[in-house]
Every structure is written in C-alpha cells, then in structure tokens.
Amino acid sequence: MKKLSFSKVMLWFGLLFLYAPMFILVIYSFNESKLVTVWSGFSPKWYGELFKDTQILEAVWTSLRIAFYSATMAVIIGTMAAFVMTRFRRSWAKLTLSNMITAPLVMPEVITGLSLLLLFVEMADLLGWPAERGMLTVWIAHSTFCAAYVAVVVSSRLRELDLSIEEAAMDLGATRLKTFFLITVPMISPALIAGWFLSFSLSLDDLVIASFASGPGSTTLPMVVFSSVRLGVSPKINALATIIILSVSLVAFLSWYLARRAEKKSKEAME
C-alpha cells in the first residue's frame with residue numbers, strides 16, 4: 001500500500017478547505033426549513049421561491065448588463081494603456097501613466113469607491129452630469145478599476161510578441177491600423193479574452209465600489225445579497241449561490257474541453 005506524502009495530504013486538505021463550504025451550501029439549498037442551519041428535510045421549493053423574487057431577478061439582470069458593458073469597455077481602455085506601457089519609449093509621461101494604471105490594483109476599494117463618488121458629485125455640480133447615480137455611474141466605476149487588470153494581462157502578452165511580424169506587414173504596405181487589427185489583435189486575442197472574463201467576474205462580484213457609485217434603480221446582485229444577509233440568511237440565497245456555482249463550473253468545464261480539443265488538433269496537425 002502506497003504511503004501518502006506530505007504534499008498529497010496538504011493538497012487534499014487545501015481542496016477540502018476550499019470546496020467543503022460550497023458543497024455544504026449546495027446541500028442546504030435543498031433544505032425545507034426557513035432556518036438555513038437546521039435541516040428539516042429535502043425540498044427544492046426555494047428554487048421556485050427564488051424565481052418568484054422579482055427583486056433578485058432584476059438585480060441579476062442589472063449585474064449581468066453592467067458586467068458585460070464594463071468588461072467590454074475595460075478591454076478597450078486596458079488594451080490602449082498596455083500599448084502605451086510597452087510600445088512607447090521611456091519617459092516621465094509613460095512612467096506616470098503606468099503608475100496611474102496599476103494604482104487601482106493596490107488601492108483599497110473603499111478609497112476607490114469614495115473617490116469616484118466625490119468625482120461624480122463634483123461633475124454633477126459643475127457640469128450638471130451625471131444628474132443622478134445609476135447604471136451609468138456604476139459602469140464607469142467598474143470600467144475604471146477593471147481596465148487596470150486588463151492592462152496588466154495584455155501588456156505581459158505584448159512584451160512576448162515578435163515585433164518583426166508587425167514590421168513585415170507594414171513593409172508589405174499595411175498601415176499601422178490595419179496591422180493592429182489583422183496582425184496584433186489575433187496574436188494577443190488570448191490575453192484579450194482572459195482580460196474580458198476577468199473584468200466580467202470582478203464587476204459581477206463587486207460590492208464596495210458599486211455601493212458608492214449606484215443609486216435608486218441600479219441595485220446589483222451583491223448589494224441585494226449583502227442587504228438580505230444582514231437581516232438573516234434566506235434559503236433563497238443558498239439556491240442562488242448554487243445556480244452561480246453550477247454556471248461557473250459549466251463555463252470552466254467547457255473552456256477546459258475546448259482548450260484540450262484545440263491542443264489535440266494542433267498536435268495531430270504537427271504529426
């Protein structure tokens with residue numbers, strides 16, 4: 001009989017520590033009792049109650065829209081910032097921009113949210129825009145801090161590119177804009193996709209910044225969950241969390257499957 005090594009024991013302990021709470025949450029989402037800590041029998045009724053809760057459903061739709069728009073804008077801004085960070089010659093302006101782009105990565109979210117709130121208030125006083133805080137201000141706020149993550153991911157990919165490919169395209173008559181869209185973008189597309197999904201996840205999960213930047217009618221899902229938990233955890237929240245876990249697991253599995261199939265095809269083509 002093989003002995004368990006220390007590394008394997010720590011691996012299983014780490015997996016148990018990470019996933020045991022999720023497993024318990026999934027089990028208690030089928031609890032018939034209103035008390036989430038008392039098991040009184042198996043029942044899927046809380047899933048039905050969840051889909052009847054218009055507040056949660058509206059918050060889910062709002063969060064998904066904000067996350068989609070924020071991730072898209074963050075990829076655009078972050079990609080432009082990454083080009084400045086990697087392609088421009090060294091100068092004080094480039095160094096200042098690089099520091100400003102990466103600042104949200106280490107800045108506490110409370111400071112970021114408060115700064116954006118004060119910015120929106122001052123803009124409303126001086127320019128009359130935005131007239132009120134809502135989905136637009138949350139979108140701007142999320143795009144701001146998500147762009148920093150995209151810039152870091154894309155810039156690391158840009159530093160690995162072979163510039164001779166772009167130079168060859170321009171030598172053959174392609175303009176810089178055409179070279180960017182036909183040569184550079186396909187080569188950095190994995191980083192763009194990774195940055196988009198990372199920004200989508202960060203926006204969907206954010207609570208602190210959204211609390212500062214949101215207003216009436218723009219309540220996101222984390223805000224609804226947090227406010228309901230303060231009054232006592234409802235089994236509907238367990239059902240919602242279970243659906244989110246299953247959705248994320250499905251997306252992760254599909255990504256793994258597609259990546260494995262693409263790798264297998266590339267190996268077969270090389271042989």
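- A donor-acceptor pair under 3.5 Å is formed between the side chain of Thr137 and the backbone N or O of Ala213.
- Applying the side-chain hydrogen bond (donor to acceptor under 3.5 Å, both in side chains) rule to pairs touching residues 172-193 yields Glu166-Thr184, sequence neighbours excluded.
- Classified by interplanar angle (parallel below 30°, tilted 30° to 60°, perpendicular above 60°), the ring pair Phe13/Phe17 is parallel.
- Here the side chains of Tyr28 and Ile24 are in contact, with some heavy-atom distance below 4.5 Å.
- Under a hydrophobic-cluster definition in which Ile, Leu, Val, Met, Phe, Trp and Tyr are linked whenever side-chain heavy atoms come within less than 4.5 Å, directly or via other members, Ile140 and Ile111 are assigned to different clusters.
- No hydrogens or angles considered: a donor-acceptor pair under 3.5 Å links the side chains of Asp162 and Ser164.
- Counting heavy atoms from C-beta on, the side chains of Ile244 and Leu221 come closer than 4.5 Å.
- Residues Trp46 and Lys34 meet the side-chain proximity criterion, which asks for heavy atoms closer than 4.5 Å.
- Using a 4.5 Å heavy-atom threshold, the side chains of Ile193 and Phe197 count as touching.
- In this structure, Trp139 contributes its side chain and Tyr69 its backbone to a donor-acceptor pair below 3.5 Å.
- Look at Arg157 and Glu160 and you find a salt bridge, because one of the NZ, NE, NH1 or NH2 atoms lies within 4.0 Å of a carboxylate O, short of that distance.
- For the side-chain hydrogen bond (donor to acceptor under 3.5 Å, both in side chains) condition, the pairs that include at least one residue of residues 72-84, sequence neighbours left out, are Thr72-Trp196.
- At least one donor-acceptor pair under 3.5 Å links the side chain of Asn31 to the backbone N or O of Ser40.
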Does the pair Leu117 and Arg133 meet the rule for a side chain to side chain contact (heavy atoms under 4.5 Å, CB included), with working shown?
CA-CA 9 Å; Leu117 172 62; Arg133 296 189 301 277; 3.6 Å; yes
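- Listed for the Ser203 side chain is no donor-acceptor partner under 3.5 Å among the backbone atoms of Phe200.
- Although no hydrogens or angles enter the test, the distance criterion places no donor-acceptor pair under 3.5 Å between the side chain of Ser63 and the main chain of Val60.
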